[in-house]
Amino acid sequence: MSVHSKLYEGKAKILYATDDPEILLADFKDDATAFNAQKRGSILGKGKINCSISSQLFQQLEASGIKTHYIDSPSPNQMRVKAVKILPLEVVIRNIAAGSLSQQTGIELGTVLKQPLVEFYYKNDQLGDPLLTRDRLLLMELATPEQVDAITHLALQINEFLKDFWQRCGITLVDFKLEFGLDSQQQLLLADEISPDTCRLWNTTETDPNRRVMDKDRFRRDLGNVEDAYQEVLQRVLQVVEIKS
């Protein structure tokens with residue numbers, strides 16, 4: 001596979017064209033950002049760890065019937081993916097109150113929600129990725145009503161699968177972000193990544209509110225031991241995958 005020009009560079013990945021227009025190469029970076037890139041840094045080995053975790057989870061989701069953009073991982077920090085047009089939406093699924101949900105509503109941190117909450121945010125750094133209502137989303141023509149319904153259904157399916165998977169890792173899935181794209185046949189595919197960068201993960205057996213954190217909140221909140229937490233997540237994922245196989 002020949003790699004050609006750089007198509008896009010985001011906060012966590014670089015996308016390259018290949019000799020097949022239907023296939024892209026995603027290169028995962030060690031760069032870390034928070035608060036809409038107002039805080040910047042680097043997490044040693046993050047690219048390889050996130051690529052490995054995402055690769056494993058995409059394969060598990062594919063096996064369960066969820067269609068994703070994942071093809072394979074030719075090297076530890078690279079992933080071959082199907083070319084998709086990303087919908088400009090960040091889809092956040094919340095199981096436990098944390099982050100902006102607690103800050104904006106006053107719901108106490110750690111409150112288990114009666115049912116999962118699916119939220120849509122506009123992928124726009126200049127506007128600060130604002131929370132959208134369904135009507136605003138449709139008014140802006142960011143997706144069709146049918147796509148919104150399909151995404152909501154898929155997000156809840158993925159949530160049920162991931163909650164169970166993370167639980168077997170001894171990890172509680174608090175909330176997480178998904179992105180979706182359309183391939184050349186206009187098929188809706190799960191895209192981007194699933195990793196400690198995009199999931200809020202708590203060590204199930206730890207009660208201390210700081211020590212339990214196993215995700216990018218360790219970087220956001222200057223809790224330290226970021227690399228160790230990411231590596232621990234990867235090791236637990238690999239152990240569960242090995243048991244399943």
Side-chain angles (χ1 to χ4, degrees), residues 7-18 20-26 36-37 54-55 57-71 79-95 99-101 104-105 113-165 173-195 197-200:
L7 297 177
Y8 168 81
E9 182 168 359
K11 299 168 187 171
K13 291 180 290 296
I14 303 173
L15 283 178
Y16 295 95
T18 71
D20 184 338
E22 297 289 322
I23 297 175
L24 303 178
L25 184 71
N36 198 22
S54 296
S55 296
L57 291 176
F58 279 138
Q59 291 176 75
Q60 295 295 315
L61 285 164
E62 287 273 2
S64 74
I66 302 292
K67 296 185 182 300
T68 80
H69 72 162
Y70 177 80
I71 297 175
M79 184 188 295
R80 288 201 313 154
V81 298
K82 298 166 189 171
V84 297
K85 180 181 179 183
I86 294 289
L87 297 174
L89 295 170
E90 293 184 348
V91 186
V92 174
I93 302 90
R94 301 182 185 275
N95 298 305
S100 62
L101 180 62
Q104 295 170 0
T105 66
L113 306 184
K114 292 181 179 179
Q115 59 188 32
L117 176 65
V118 179
E119 298 179 329
F120 293 92
Y121 293 79
Y122 182 27
K123 272 180 61 70
N124 187 307
D125 287 343
Q126 291 181 329
L127 297 177
D129 302 330
L131 176 65
L132 295 175
T133 63
R134 179 186 174 94
D135 287 344
R136 282 192 178 187
L137 187 163
L138 296 175
L139 175 69
M140 298 165 69
E141 299 183 344
L142 302 179
T144 67
E146 294 77 18
Q147 288 170 343
V148 175
D149 291 342
I151 287 170
T152 302
H153 177 71
L154 281 170
L156 291 171
Q157 270 190 293
I158 293 165
N159 182 48
E160 287 306 307
F161 179 89
L162 290 179
K163 275 200 305 181
D164 178 69
F165 184 90
L173 178 59
V174 177
D175 56 43
F176 61 107
K177 173 182 74 73
L178 298 175
E179 294 187 22
F180 293 87
L182 299 171
D183 66 11
S184 57
Q185 283 75 48
Q186 297 303 295
Q187 179 178 218
L188 190 68
L189 301 179
L190 175 63
D192 194 43
E193 67 179 278
I194 304 174
S195 72
D197 268 17
T198 62
C199 300
R200 187 170 270 118

Could you go through the side chain to side chain contact (heavy atoms under 4.5 Å, CB included) check for V92 and L101 one step at a time? CA-CA 11 Å; V92 174; L101 180 62; over 6 Å; no

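- Distance check, rounded to the nearest 0.5 Å: CD1 of I158 to CD1 of I194 gives 6.5 Å.
- Under the ring-ring contact (aromatic ring centres under 6.0 Å, His included) criterion, F176 pairs with no residue, sequence neighbours left out.
- A distance of 11.5 Å separates CG in L131 from CD in E90, rounded to the nearest 0.5 Å.
- Pairs of residues two or more places apart, or lying in two chains, that qualify as salt bridge (charged side-chain N to carboxylate O under 4.0 Å, His left out) and include a residue from residues 151-160 are E160-K163.
- Checked against side chain to side chain donor-acceptor pair (under 3.5 Å), Q60 has the following partners two or more places apart in sequence or in another chain: K244.
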Evaluation steps, side chain to side chain contact (heavy atoms under 4.5 Å, CB included), between I14 and Y8: CA-CA 6 Å; I14 303 173; Y8 168 81; over 6 Å; no

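- Residues that satisfy the side chain to side chain contact (heavy atoms under 4.5 Å, CB included) test with L182, not counting sequence neighbours, are L87, Q147, Q186, L188.
- Residue pairs satisfying the side chain to side chain donor-acceptor pair (under 3.5 Å) criterion with at least one member in residues 125-140, sequence neighbours excluded, are listed as follows: K11-D125, R134-D149.
- Residue pairs satisfying the salt bridge (charged side-chain N to carboxylate O under 4.0 Å, His left out) criterion with at least one member in residues 173-190, sequence neighbours excluded, are listed as follows: R94-D175, K123-E179, D175-R200, K177-E179, K177-D192.
- Not counting sequence neighbours, K85 has no partner by the side chain to side chain contact (heavy atoms under 4.5 Å, CB included) test.
- Between the CE atom in M79 and the CD1 atom in I71 there is a gap of 10.5 Å [rounded to 0.5 Å].
- A donor-acceptor pair is defined here as one N or O able to donate and one able to accept, closer than 3.5 Å; no such pair exists between the side chain of E62 and the backbone of F58.
- With sequence neighbours left out, the side chain to side chain donor-acceptor pair (under 3.5 Å) criterion links S54 to no other residue.
- Put simply, the side chain of F165 does not reach to within 4.5 Å of the side chain of L173, judged on heavy atoms.
- In this structure E9 satisfies the side chain to side chain donor-acceptor pair (under 3.5 Å) test together with K6, K29, sequence neighbours excluded.
- You'll find the side chain of F120 reaches within 4.5 Å of the side chain of V148, heavy atoms only.
- Scored by the side chain to side chain contact (heavy atoms under 4.5 Å, CB included) test, L139 finds no partners at all (sequence neighbours excluded).
- Listed by chain and residue number, E22 satisfy the side chain to side chain donor-acceptor pair (under 3.5 Å) test with S184 (two or more places apart in sequence, or in another chain).
- With sequence neighbours left out, P130 forms a side chain to side chain contact (heavy atoms under 4.5 Å, CB included) with Y122, L127.
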